[in-house]
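Everything on this sheet refers to the single structure shown next.
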Amino acid sequence: MEASNQQVEKWKGKAKTEVLGFKVEQVWPLLEDFFGLDKWFPTLSTCLAVEGISGRPGCVRFCAGFKTPVDEQGKQTINWTKQKLLSIDPTLHTFSYSIIDGNVGFCSYISTLKVTPKEDQGCEIEWLYEVEPVQGWRPEDLDLFIGSGLQVMAQRIQGALETMQEAVKT
């Protein structure tokens, strides 16, 4: 079979985590700020607007300074990506974006984040992704990167909301 006729099987995955004690309506405004990812994602030192208005499809952010599971020890190169907001639905508390440029090897990367209520208390954040296989990575590396990143994001969001709640009480 010719190489041009072969379809590359995309890696697909998802991560989920909970934010306890806070409703979707409290968590969503923190996540929908497309240019504010550096407040929540671990090791991400920079998230800047490149084009458009945050929260409007077509806007682009530049993210840099994050570490990945495949980074070499003592690596001097700064990881970076440019990400474009594809769609957003504030009613369903979901948005999708793609990586349009970067130096970490992602091609045809698309992610969707959703915030949904939990029956008992709190809410759940789900991060789905699909990407063409990434040279130097294994699917487990990407699962670890997204899963652990989402876990820290939820902890930071919960901590920020708890701080606000405590401050308002006093």
Side-chain angles (χ1 to χ4, degrees), residues 3-19 24 27-71 77-118 123-157:
S4 61
N5 291 339
Q6 292 179 342
Q7 285 284 16
V8 176
E9 183 77 22
K10 288 191 175 186
W11 293 346
K12 295 180 181 184
K14 91 175 156 183
K16 277 186 180 183
T17 193
E18 296 178 358
V19 179
V24 171
V27 172
W28 172 249
L30 304 179
L31 285 177
E32 79 173 328
D33 175 13
F34 195 66
F35 297 155
L37 183 62
D38 56 330
K39 296 173 191 165
W40 316 115
F41 195 83
T43 75
L44 181 63
S45 58
T46 303
C47 183
L48 300 172
V50 172
E51 140 185 351
I53 297 170
S54 185
R56 293 212 181 142
C59 70
V60 177
R61 66 186 177 194
F62 171 83
C63 297
F66 54 91
K67 297 190 183 333
T68 73
V70 299
D71 286 343
T77 306
I78 295 175
N79 292 323
W80 66 273
T81 59
K82 282 186 181 175
Q83 303 173 358
K84 182 177 188 174
L85 184 63
L86 300 174
S87 65
I88 187 165
D89 188 331
T91 310
L92 296 176
H93 307 104
T94 185
F95 68 84
S96 295
Y97 70 93
S98 66
I99 293 178
I100 57 172
D101 198 5
N103 69 346
V104 290
F106 293 174
C107 294
S108 299
Y109 177 95
I110 296 177
S111 268
T112 300
L113 269 76
K114 298 179 188 179
V115 186
T116 55
K118 287 193 52 77
C123 62
E124 192 168 68
I125 304 171
E126 182 178 62
W127 186 335
L128 298 109
Y129 73 86
E130 69 175 50
V131 64
E132 288 181 11
V134 184
Q135 186 173 354
W137 290 62
R138 300 169 303 157
E140 310 85 70
D141 297 327
L142 194 50
D143 287 341
L144 174 65
F145 179 65
I146 290 174
S148 60
L150 181 59
Q151 197 70 38
V152 172
M153 284 175 61
Q155 290 167 0
R156 289 179 175 179
I157 287 169

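Scope of the values below: all heavy atoms of this structure, side chains included, with no hydrogens, waters or symmetry mates. For the single chain, residues carry numbers from 1 onward in sequence order.
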Which heavy atom of [X] sits nearest a heavy atom of [Y], and at what distance?
| X | Y | result |
| --- | --- | --- |
| F35 | I53 | CE1-C, 4.1 Å |
| G105 | V134 | O-CG1, 3.5 Å |
| C47 | R61 | SG-CD, 3.8 Å |
| L85 | G55 | CD2-C, 3.6 Å |
| D143 | G13 | OD1-CA, 4.3 Å |
| I146 | A15 | CG2-CB, 4.1 Å |

Run the side-chain contact (heavy atoms from CB on, under 4.5 Å) test on W80 and D101 for me, step by step, so that the C-alpha distance in whole Å, both residues' side-chain angles and the decisive distance to 0.1 Å come before the verdict. CA-CA 8 Å; W80 66 273; D101 198 5; 3.5 Å; yes

Going by side chain to side chain contact (heavy atoms under 4.5 Å, CB included), T94 matches just one of L128, D89, V115. Which one? D89

Which of F66, F145, Y109 passes side chain to side chain contact (heavy atoms under 4.5 Å, CB included) with V104? Answer is F66

Distance check, rounded to the nearest 0.5 Å: [X] atom [atom1] versus [Y] atom [atom2]?
| X | Y | atom1 | atom2 | value |
| --- | --- | --- | --- | --- |
| F62 | Q83 | CZ | CD | 10.5 Å |
| I125 | L31 | CD1 | CG | 5.0 Å |
| Q155 | L150 | CD | CG | 10.0 Å |
| C59 | I88 | SG | CD1 | 8.0 Å |
| K12 | L142 | NZ | CG | 14.0 Å |
| S111 | E130 | OG | CD | 9.0 Å |

Residue pairs fulfilling side-chain hydrogen bond (donor to acceptor under 3.5 Å, both in side chains) with at least one residue in residues 34-53, sequence neighbours excluded: D33-K39

So, S54 side chain and F34 main chain: donor-acceptor pair closer than 3.5 Å or not? yes

Verdict with reasoning, E126 to T116, per side-chain contact (heavy atoms from CB on, under 4.5 Å): CA-CA 8 Å; E126 182 178 62; T116 55; over 6 Å; no

Decide yes or no on side-chain contact (heavy atoms from CB on, under 4.5 Å) for R138 and V70, but give the supporting numbers first. CA-CA 9 Å; R138 300 169 303 157; V70 299; over 6 Å; no

side-chain contact (heavy atoms from CB on, under 4.5 Å) for Y97 and L113? Distances and angles first, verdict last. CA-CA 9 Å; Y97 70 93; L113 269 76; 4.1 Å; yes

Partners meeting salt bridge (charged side-chain N to carboxylate O under 4.0 Å, His left out) with E132 (sequence neighbours left out): none

Non-hydrogen side-chain atoms of P57 and F95 separated by less than 4.5 Å: no

